[in-house]
Amino acid sequence: MASSSSLYSKGLILHGLILAICTSFSILHASEGPTLTLDYYKSTCPTILEIVRKEMECAVLSDPRNAALILRLHFHDCFVQGCDGSVLLDDTITLRGEKKAPNNKNALKGFRIVDRIKNRLESECPGIVSCADILTVAARDAVLLVGGPYWDVPLGRKDSKTAGYALTETNLPKADDGLISIISKFFYQGLSVTDMVALSGAHTIGMARCVNFRNRIYGDFTSTSSVNPLSQQYLSKLKSICPPIKGSDNNESAMDYVSPNLFDNSYYQILLRGDGLINSDQELYSSILAIETKKLVAKYAENPIAFFEQFSESMVKMGNTTNPDTYANGEVRKICRFVNT
């Protein structure tokens, strides 16, 4: 059996290789885009922030889980073609949207919330505010309304006229991804390891489907979790929600069982206990390669202010990932589900 020092050395070597590979991805993916500004709509639609906030307040008040739905939509949008509103497009005869792609089907909701915000803005400022900007601001407000941090959102994105169905398979992190795969997918978006760990903290709110945590609870959950009654009770509950046989794929469990509707740092404390719901989350702390990520998980578990500050910074960074094609060919959709005709 390999010694702990040998395993640690192998981890260092593999970690270095990962960073080298992912850095090359980041360089290839990087591109110069238009400058986003905080006052982009100052003269054309000065009430945008107020309108989005009021609609999000109504949505979260009616169901706190709506905050997680909007935040997830934003993530899935930005990781495919950049933050261009492509995730909002419905299928048509001439366009294949992203909603029915395997990694999105049954996983994305909240589209009607975006529709309502867009309708309000079209009444107030017709043809001015892009759906991509609406989703980015709504995600910020979603986090804030369930106890998370505030950050200023640069604006000026355009909506794409295309969608990236195939890219959902290659770009979006999956529940059973190992640490190498997770890091590479974030680096491809120009996001660092620190960004990845901080943004993963979004899982402090929201739900996961059985199909995404079945392998975890019938796999290595017992090898990472603490040997205590609470962890055992939690695992038993998860198994009752998600039986080993298929047929219950869409049954759900909160990713943060401590405070599922509150944006806080308990997600990281759960990882420290080894009770992460999905494999890709627990990998941040328990993987042999988790040299840097393990330290960050421990840091954010202990220091919620550090988590909030980094999450805010990383959300701005991710939100500034734009689609180069929209620089010349983008538009402001009248209806977020369809390109303009």
Side-chain angles (χ1 to χ4, degrees), residues 1-15 18 172-186 193-245 248-249 251-260 264-304 306-307 311:
M1 188 173 180
S3 67
S4 59
S5 60
S6 175
L7 289 173
Y8 183 77
S9 298
K10 290 179 179 178
L12 283 173
I13 293 170
L14 288 171
H15 185 68
I18 293 167
L172 292 173
K174 299 182 180 68
D176 287 324
D177 277 350
L179 192 60
I180 295 174
S181 177
I182 303 168
I183 290 175
S184 66
K185 288 176 180 179
F186 274 80
V193 170
T194 300
D195 294 322
M196 178 196 69
V197 178
L199 292 173
S200 295
H203 286 173
T204 190
I205 56 175
M207 311 290 284
R209 294 184 300 138
C210 166
V211 68
N212 288 324
F213 62 84
R214 180 181 283 122
N215 289 342
R216 165 76 173 139
I217 63 175
Y218 293 101
D220 69 348
F221 189 98
T222 55
S223 66
T224 65
S225 66
S226 307
V227 183
N228 64 65
L230 288 178
S231 292
Q232 297 306 312
Q233 290 173 15
Y234 177 49
L235 181 57
S236 296
K237 180 181 178 181
L238 291 174
K239 288 183 176 180
S240 69
I241 294 171
C242 184
I245 57 173
S248 55
D249 286 359
N251 290 354
E252 293 182 325
S253 177
M255 288 185 280
D256 174 355
Y257 64 82
V258 177
S259 51
D264 57 17
N265 67 331
S266 60
Y267 161 83
Y268 298 103
Q269 295 166 1
I270 290 170
L271 297 187
L272 291 185
R273 292 194 290 271
D275 289 350
L277 181 59
I278 60 177
N279 277 316
S280 57
D281 280 344
Q282 195 58 50
E283 281 280 294
L284 301 181
Y285 188 75
S286 299
S287 171
I288 186 178
L289 301 175
I291 297 168
E292 185 177 354
T293 59
K294 188 172 187 176
K295 294 177 183 177
L296 289 167
V297 168
K299 176 182 177 181
Y300 300 147
E302 180 181 357
N303 189 340
F307 165 49
F311 184 83

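Being a predicted model, the structure only gives us computed values, none of them experimental.
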[X] side chain near [Y] side chain, heavy-atom distance below 4.5 Å:
X: Y234; Y: L238; result: yes
X: I205; Y: Y267; result: no
X: R216; Y: N279; result: yes
X: T204; Y: N265; result: no
X: R214; Y: S248; result: yes
X: D264; Y: D256; result: yes
X: F186; Y: L199; result: yes
X: D281; Y: H203; result: yes

I'd like to know if the side chain of [X] and the backbone of [Y] have a donor-acceptor N/O pair within less than 3.5 Å.
X: E283; Y: G178; answer: no
X: Q282; Y: L271; answer: yes
X: Y268; Y: V197; answer: yes
X: S287; Y: L284; answer: no
X: N251; Y: C210; answer: no

What's the spacing between [X] [atom1] and [Y] [atom2] if we round to 0.5 Å?
X: I183; Y: T293; atom1: CD1; atom2: OG1; value: 6.5 Å
X: L289; Y: L179; atom1: CG; atom2: CG; value: 5.5 Å
X: N212; Y: D176; atom1: CG; atom2: CG; value: 7.5 Å
X: E302; Y: L272; atom1: CD; atom2: CG; value: 9.5 Å

Taking atom CD of Q232 as the centre, does the number of heavy atoms from other residues, nucleotides or ligands within less than 6.0 Å exceed 12?
yes
Those residues that, when tested against A254, pass side-chain contact (heavy atoms from CB on, under 4.5 Å) (two or more places apart):
M207, P260
Ignoring hydrogens, what is the shortest heavy-atom contact between [X] and [Y]? Give both atom names and the distance.
X: S181; Y: S184; answer: O-OG, 2.8 Å
X: D275; Y: S231; answer: OD2-OG, 2.9 Å
X: T224; Y: G274; answer: OG1-O, 2.8 Å
X: P244; Y: Y218; answer: CD-OH, 3.1 Å
X: I278; Y: A208; answer: CG2-CB, 4.4 Å
X: L172; Y: K185; answer: O-NZ, 3.0 Å

Establish, from distance only, whether the side-chain atoms of S266 and S259 form a donor-acceptor pair under 3.5 Å.
yes
Do D177 and S280 have a side chain donor and acceptor closer than 3.5 Å?
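Side chains of D177 and S280: no pair found under 3.5 Å.
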What do the steps show when you test K299 against T194 for side-chain contact (heavy atoms from CB on, under 4.5 Å), and what is the final call?
CA-CA 11 Å; K299 176 182 177 181; T194 300; over 6 Å; no
So I217 and C242, side-chain contact (heavy atoms from CB on, under 4.5 Å) or not? Walk me through it.
CA-CA 9 Å; I217 63 175; C242 184; 4.0 Å; yes
